[in-house]
Amino acid sequence: MNPSEAVSINGQQLSELRKLVNQGEGPHLEFKRKASHPEKIIREMIAFANTGGGTLLIGVDDNGSIPGVKYPDEEILVIQQALQKACRPTLHTLETIIPLDENQFVVRLDIPVSPRRPHFNVLCSDTKESYVRANDMSIKASREMVEIIRRSKQKKDIRFNYGDPEKQLMEYLELNKTISLDEYRKLAKLNRFRAAKKLVLLVLANVLRIAPSEKGDLYSRI
């Protein structure tokens, strides 16, 4: 779509856009001024697909102003090329171009929760990262978080043994709101692999919830 082409301004569409922007960035909404850094946009899209889905608006500033972009098709092309190059498995999005006036547009990208999750950003031949959404941020997913995403797609009853390590964990969480993997490993005197496996199973069994953060995952009772 070029600025010289005739455009049709949809008042209802603009009203819906402004209502959406007024919500501010959050777990399911992200603003980007332009697609000049597609690697950052890929991270947001992967996080949405891996977590609860979301909407990415190109042409909207972090402060909620809506300057738009002049060449929306070019913005979309840059993002599509970056996704094809770096995102595995392939990520599908719904793209909508919203005219603000004859010369400025907003690109809306809707990313549903993906049945193919977890998705990864392939940085090089032997390095890849996955991301999840935490409040208004997209952060790198831990190995435990990736495993939870992968296995949460399977509709199976999760069974686990309730032994001393699990009992120690529940007693700890009666007195403390959260526990990290390292804290649990030390508490139960387990190696990292066994401690992580127990925490993952308890999350999948809906006994615990996991809260990812840049400083590390925190686990709490449901």
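Since this is a predicted model, take the numbers as computed values, not measurements. Note: hydrogens, waters and symmetry copies are ignored here, and every other heavy atom, side chains too, is used.
In terms of heavy atoms, P99 sits closest to L14 at O-CD2, 3.4 Å. Minimum interatomic distance between K34 and I41 (heavy atoms only, all atoms of both residues): O-CD1, 4.0 Å. For P118 against P89, the heavy-atom pair with the smallest separation is O-CD, 3.6 Å. When every heavy atom of L91 is checked against every heavy atom of A49, the shortest pair comes out as CD1-CB, 3.4 Å. P67 and V60 make their closest contact through CD-CA, 4.4 Å (heavy atoms, listed as atom of the first residue, atom of the second, distance). Heavy-atom minimum distance, K198 versus L190: CD-CD1, 3.8 Å.
Proximity of L169 to Y184: side-chain heavy atoms (C-beta onward) are separated by under 4.5 Å at one or more points. Using a 4.5 Å cut-off on side-chain heavy atoms (C-beta onward), E95 and T93 make contact. Contact check for Q80 versus I76: side-chain heavy atoms found under the 4.5 Å cut-off. Between R18 and I66, some side-chain heavy-atom pair lies under the 4.5 Å cut-off. Put simply, the side chain of C87 reaches to within 4.5 Å of the side chain of H119, judged on heavy atoms. Within the 4.5 Å cutoff, no side-chain heavy atoms of D217 are placed close to those of L199. By the 4.5 Å heavy-atom criterion applied to side chains, P112 and H92 are not counted as neighbours. Counting only heavy atoms from C-beta outward, the side chains of L20 and R108 approach each other to under 4.5 Å.
For CG of N191, the number of neighbouring non-hydrogen atoms (other residues, nucleotides, ligands) closer than 6.0 Å is greater than 12. By the neighbour-count criterion of 12 heavy atoms within 6.0 Å, atom CD of Q12 is sparsely surrounded, having that number or fewer from other residues, nucleotides or ligands. Within a 6.0 Å sphere centred on CG of N22, other residues, nucleotides and ligands contribute more than 12 heavy atoms.
Placement of M45 and L77 in two distinct hydrophobic clusters is found when ILVMFWY residues are connected by side-chain heavy-atom separations under 4.5 Å, directly or transitively. Cluster annotation: V203 and I139 are assigned to the same hydrophobic cluster (Ile/Leu/Val/Met/Phe/Trp/Tyr, side-chain heavy-atom contacts under 4.5 Å, transitive). A continuous path of hydrophobic side-chain contacts links L173 to F160 [ILVMFWY only; heavy atoms under 4.5 Å]. A continuous path of hydrophobic side-chain contacts links M170 to L201 [ILVMFWY only; heavy atoms under 4.5 Å]. Under a hydrophobic clustering in which Ile, Leu, Val, Met, Phe, Trp and Tyr are joined whenever their side-chain heavy atoms come within less than 4.5 Å, directly or via other members, I149 and F48 fall into different clusters.
With hydrogens and angles ignored, the 3.5 Å screen pairs a side-chain donor or acceptor of D101 with a backbone N or O of Q104. Using a distance-only test at 3.5 Å, with no hydrogens or angles considered, a donor-acceptor pair links the side chain of E183 to the main chain of S180. A donor-acceptor distance shorter than 3.5 angstrom exists from the side chain of S114 to the backbone of R116, with no hydrogens or angles considered.
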Start with the C-alpha gap between R192 and R143, add the side-chain angles, then the distance that decides, and say whether side chain to side chain contact (heavy atoms under 4.5 Å, CB included) holds. CA-CA 12 Å; R192 192 184 191 284; R143 285 179 289 181; 3.0 Å; yes

Could you check E174 against R221 for side chain to side chain contact (heavy atoms under 4.5 Å, CB included), going step by step and ending with a plain yes or no? CA-CA 8 Å; E174 284 181 3; R221 295 181 64 171; 3.1 Å; yes

Could you walk me through whether K197 and E144 pass the salt bridge (Lys or Arg N to Asp or Glu O under 4.0 Å) test, one step at a time?
CA-CA 8 Å; K197 184 177 179 181; E144 293 73 38; over 6 Å; no

Could you go step by step and tell me if E129 and Y131 meet the side-chain hydrogen bond (donor to acceptor under 3.5 Å, both in side chains) rule? CA-CA 7 Å; E129 292 181 350; Y131 312 99; 3.0 Å; yes

Report task. I would like to know whether E30 and K32 meet salt bridge (Lys or Arg N to Asp or Glu O under 4.0 Å); could you show each step before the answer? Result -> CA-CA 7 Å; E30 178 73 24; K32 293 294 180 187; 3.7 Å; yes

Discussion item. The test is side chain to side chain contact (heavy atoms under 4.5 Å, CB included); show your working for I210 and I148 and say whether it passes.
Written reply: CA-CA 9 Å; I210 180 172; I148 289 166; 3.9 Å; yes

Check step by step if side-chain hydrogen bond (donor to acceptor under 3.5 Å, both in side chains) holds for T55 and H28.
CA-CA 6 Å; T55 298; H28 306 287; over 6 Å; no

So I58 and L56, side chain to side chain contact (heavy atoms under 4.5 Å, CB included) or not? Walk me through it.
CA-CA 7 Å; I58 311 295; L56 183 65; 4.1 Å; yes

What verdict does the side-chain hydrogen bond (donor to acceptor under 3.5 Å, both in side chains) test give for S138 and R133, after you've listed the backbone C-alpha separation in whole Å, the side-chain angles of each residue and the deciding distance to 0.1 Å? CA-CA 5 Å; S138 297; R133 195 74 177 170; 2.8 Å; yes

Practice problem: Apply side-chain hydrogen bond (donor to acceptor under 3.5 Å, both in side chains) to S130 and N50, showing your working. | Solution: CA-CA 8 Å; S130 192; N50 282 342; 2.8 Å; yes

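Going from atom NZ of K85 over to atom CD1 of I42 covers 9.0 Å, rounded to the nearest 0.5 Å. Rounding to the nearest 0.5 Å gives a distance of 11.5 Å between CG of L109 and CD of E44. One finds the CD atom of Q154 at 8.5 Å from the CG atom of L204 (value rounded to the nearest 0.5 Å).
Among residues two or more places apart in sequence or in another chain, the side-chain hydrogen bond (donor to acceptor under 3.5 Å, both in side chains) test is passed with T51 by none.
The residues K167 and D164 are annotated as not salt-bridged, no charged nitrogen and carboxylate oxygen being separated by less than 4.0 angstrom.
Partner of F105 under the side chain to side chain contact (heavy atoms under 4.5 Å, CB included) criterion, chosen from I98, L100, I97: I97.
Looking at N63 and S65, their side chains do bring a donor and an acceptor atom within 3.5 Å of each other.
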